[in-house]
There are 2 protein chains.
Amino acid sequence: MKPATLKEIAATLGLSISTVSKALKDYPDVSNKTKKLVKELAETLNYRPNAFAVNLRTKESKTIGLVIPEVVHHFFSSVIKGIISEAEDKGYLVIILQSNESFELEKKQIELLANKQVDGILISLANGTYDFSHIKAVMNQGIPLVMFDKIAKIVDCSKVIIDDQKAAFDATQHLIDTGCKRIAHFRGPLTPQNSIDRFLGYKKALLHNQIPYDPSLVYILDSMSFEEGQHFTKELLKDHDDIDGIFINTDLVAIGSITELNKRNIKIPEQISIIGFSNWFMSSVISPSLSTVNQPGYLMGKKSFKLLYKEIKKRKEGKKINYKNIELKTDIILRDSTKKL
Amino acid sequence: MKPATLKEIAATLGLSISTVSKALKDYPDVSNKTKKLVKELAETLNYRPNAFAVNLRTKESKTIGLVIPEVVHHFFSSVIKGIISEAEDKGYLVIILQSNESFELEKKQIELLANKQVDGILISLANGTYDFSHIKAVMNQGIPLVMFDKIAKIVDCSKVIIDDQKAAFDATQHLIDTGCKRIAHFRGPLTPQNSIDRFLGYKKALLHNQIPYDPSLVYILDSMSFEEGQHFTKELLKDHDDIDGIFINTDLVAIGSITELNKRNIKIPEQISIIGFSNWFMSSVISPSLSTVNQPGYLMGKKSFKLLYKEIKKRKEGKKINYKNIELKTDIILRDSTKKL
DNA sequence: CTGAAAGCGCTTACAG
DNA sequence: CTGAAAGCGCTTACAG
């Protein structure tokens with residue numbers, strides 16, 4: 001019932017605590033006979049080292065923190081899965097906190113994790129985050145930190161991202177290649193780097209094809225929800241009757257848009273083509289199915305943890321950490337919401 | 001950079017460590033003057049108690065473990081969100097592990113959490129779990145544990161569930177009320193309690209309406225995936241040409257089924273009505289939209305943590321823990337995959 | 001009102 | 001090859 005301690009094992013065998021500790025950890029300077037004795041008793045007593053004591057001594061908890069804007073989200077839950085599977089592999093556990101896209105909450109979560117003395121932090125920034133002193137603060141405390149997906153260019157740390165600009169360029173280019181001439185864009189809020197980059201990719205593609213950029217075709221969304229997809233589609237149809245394509249920042253919004261267009265019997269892709277971003281599972285089952293950019297969430301989770309793990313190790317060895325930028329490949333999934341080439 | 005300790009504060013102020021500790025915790029037997037002095041210095045030094053030392057002394061980590069079959073799953077991610085929000089509220093952090101529906105992995109995760117000395121465990125069982133000695137083992141170690149959603153009736157502990165049998169009965173009854181006479185059932189594996197209960201509810205509804213129970217109409221699925229939904233729909237159509245309704249254990253499978261029926265131009269609900277289970281977001285946007293049982297994931301997460309929290313507190317106070325069963329209400333969401341009443 | 005002391009359970013440099 | 005000792009940073013019962 002109550003867990004055994006080194007002290008008890010030592011007392012039972014008439015050995016010192018030090019010897020027992022060293023025997024269990026296979027130190028070379030303990031006799032094989034003693035090792036065998038100790039290990040056997042430890043086994044029968046079901047000895048487990050007290051994690052709290054080990055943490056205090058070794059100053060590490062083998063635990064990392066993860067701060068994510070929203071857990072109920074296909075992309076992010078894939079990332080979470082990648083992180084915890086890779087972490088487990090390396091003997092680390094993962095504490096998850098959710099920022100709800102709020103800057104204030106994000107600051108609080110980071111603080112909680114720092115107080116908890118996690119060995120490292122993985123974070124995808126909230127949309128509301130416009131200042132990064134909380135990030136710099138934990139890094140200054142010596143806690144390794146890696147950003148993924150929603151990053152801040154301005155912060156000097158390791159990052160795992162996709163090339164949002166290129167992916168957005170490709171998506172928009174595909175609309176153009178399949179004949180669209182008046183292409184709207186539903187973008188995310190103004191601060192997050194990835195919504196900026198996707199917008200820039202969109203704009204670049206237009207210019208690249210000598211299509212004039214018209215700011216009135218760009219709608220700035222806030223919550224990136226299904227409802228916003230419906231709402232802004234209505235707005236768009238009200239404002240412009242000549243639209244033949246929309247590049248939409250995220251699939252959930254695109255699905256809202258498709259729903260609205262279906263309701264109005266506007267033919268997709270004949271009248272309006274739609275391309276989304278993220279490749280949610282859902283996108284393959286609505287009708288028409290949604291062409292989109294595939295974002296490798298699981299892989300991003302794995303890579304992010306691996307990078308963090310390396311930094312944790314380097315830090316322990318007292319070595320200098322060189323920040324790295326990993327950019328993952330995306331690809332375009334062609335389905336029925338865009339015309340065939 | 002390096003965090004301040006009590007020792008440093010004590011040395012700076014010429015006080016003892018004990019007094020500093022007590023001053024920070026507002027012990028009544030410390031003078032206000034001293035308290036003020038200590039608190040001010042702690043503030044300027046940005047003092048944070050060393051979590052590892054506190055854990056070791058207090059024998060608690062203010063951390064709980066969560067073992068879940070699959071993170072990338074609308075229902076479970078809602079549960080996760082409910083748990084971490086409630087936990088945060090009470091000053092607890094949550095470590096998440098995923099069993100991948102595997103018994104072996106689940107055992108390993110439980111072991112990891114026990115070794116980590118979490119203050120409590122929340123678990124939804126893997127489909128593969130047929131033996132519960134690992135659960136009993138951690139409970140015997142004195143770690144409070146609460147099961148939710150996928151539980152084992154046989155294990156004596158607190159549980160948060162829905163009334164799967166009643167929900168399944170209601171879903172099947174709705175098919176019958178809207179005119180279905182030959183109703184198939186796609187069920188989950190044989191061991192999980194909720195797939196058993198949903199099957200029993202289905203059967204009960206048939207008998208209640210004098211519809212003979214035909215075992216050949218019940219298909220046992222394994223992975224509960226979209227692909228299985230397509231596959232078993234094909235099988236069903238091959239085996240039986242007189243089906244007019246299907247009650248499907250989970251929405252994802254139902255969506256696979258709808259996709260297959262759509263492909264074959266079988267009219268839903270005119271020729272075959274479909275009702276699912278769980279109310280994934282996706283179910284509202286496919287066409288036809290899916291009638292289903294709404295399962296309150298977020299609430300289930302909140303309630304589960306609350307229950308665990310009470311047990312952790314009771315245990316700390318040395319009080320006896322009385323296991324509780326909480327049953328949450330479900331309701332049927334009527335959409336377009338079933339006929340109107 | 002303040003402090004010395006014990007102790008949580010472990011690790012590891014050092015002595016013998 | 002084994003053990004005594006120091007120490008991680010804190011909490012708390014006890015003494016003064």
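Naming convention: chains lettered A, B, ... in sequence-line order (proteins, then strands); numbering from 1 in each chain.
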Worksheet item: side-chain contact (heavy atoms from CB on, under 4.5 Å) with A:V160: which of A:V79, A:I151, A:L328?
Response: A:L328
Worksheet item: Once you round to the nearest 0.5 Å, how far does NZ of A:K310 lie from OG of A:S158?
Response: 9.5 Å
Discussion item. Tell me the interatomic distance from B:N55, atom CG, to D:dC8, atom C1', rounded to whole angstroms.
Written reply: 13 Å
Practice prompt. Taking B:R315 for its side chain and B:G142 for its backbone only, find out whether a donor-acceptor pair lies under 3.5 Å.
Written response: yes
Practice prompt. Quick one: do B:S99 and B:S102 satisfy side-chain hydrogen bond (donor to acceptor under 3.5 Å, both in side chains)? Show the steps, please.
Written response: CA-CA 6 Å; B:S99 67; B:S102 144; over 6 Å; no
Worksheet item: Roughly, in whole Å, what's the span from CG in B:L6 to P in D:dG7?
Response: 17 Å
For nucleotides 12-16 of chain C, which of its nitrogen or oxygen atoms have a protein nitrogen or oxygen under 3.5 Å away, and what is each distance?
from: C:dT12; atom 1: OP2; to: A:Y27; atom 2: OH; distance (Å): 2.7

Discussion item. In whole Å, I'd like the distance from the CG atom of A:N50 to the P atom of D:dC8.
Written reply: 18 Å
Worksheet entry | Atom-to-atom span, NZ of A:K36 to P of D:dC1 - whole angstrom | 16 Å
Worksheet item: A:R48 CZ to C:dC10 C1': how many Å, rounded?
Response: 16 Å
Worksheet entry | Nearest listed nucleotide, side chain of A:S31, among D:dC10, D:dC1, C:dC8 | D:dC1
Worksheet item: Closer than 4.0 Å, any side-chain N/O of B:Y47 to the OP1 or OP2 of D:dG9?
Response: no
Worksheet item: Are any of the side-chain nitrogens in B:K90 or B:E86 under 4.0 Å away from the carboxylate oxygens of its partner?
Response: yes
Worksheet item: Which residues in residues 108-120 of chain A have at least one heavy atom lying under 4.0 Å from any atom of DNA chain C?
Response: none
Practice prompt. Take A:K116 and B:T63, measure what side-chain hydrogen bond (donor to acceptor under 3.5 Å, both in side chains) needs, and give me the verdict at the end.
Written response: CA-CA 10 Å; A:K116 180 77 185 177; B:T63 304; 2.3 Å; yes
Fill in: Carboxylate-amine/guanidinium proximity below 4.0 Å for B:E311 and B:K314
no
Discussion item. For D:dG7 and B:K7 - does any side-chain N or O of the residue sit under 4.0 Å from the phosphate oxygens OP1/OP2?
Written reply: no
Practice prompt. Please work out the stems of DNA chain D from pairs that are Watson-Crick or G-U wobble with both distances under 3.5 Å, keeping only runs of three or more consecutive pairs.
Written response: C:1-3 with D:14-16, C:5-12 with D:5-12, C:14-16 with D:1-3
Fill in: Which residue lies more 5' along DNA chain C, comparing A:A4 with B:T34 via nearest heavy atoms
B:T34
Worksheet, complete the sentence: Distance col, row B:K108:NZ vs A:E88:CD, nearest 0.5 angstrom, shows 4.0 Å
Fill in: Test item: B:P69 and B:K150 side chains (from C-beta on) under 4.5 Å apart, heavy atoms
yes
Item to complete: Check each of B:V146, B:I95, B:I83 against B:I64 using the side-chain contact (heavy atoms from CB on, under 4.5 Å) test, and report the only one that passes.
Response: B:I83
Worksheet item: Going through the checks in order, is the ring pair (Phe, Tyr, Trp, His ring centres under 6.0 Å) test met by A:F52 and B:F52?
Response: CA-CA 6 Å; A:F52 301 152; B:F52 301 152; 9.4 Å; no
Discussion item. Distance check needed: C:dC10 P versus A:L56 CG, whole Å only.
Written reply: 12 Å
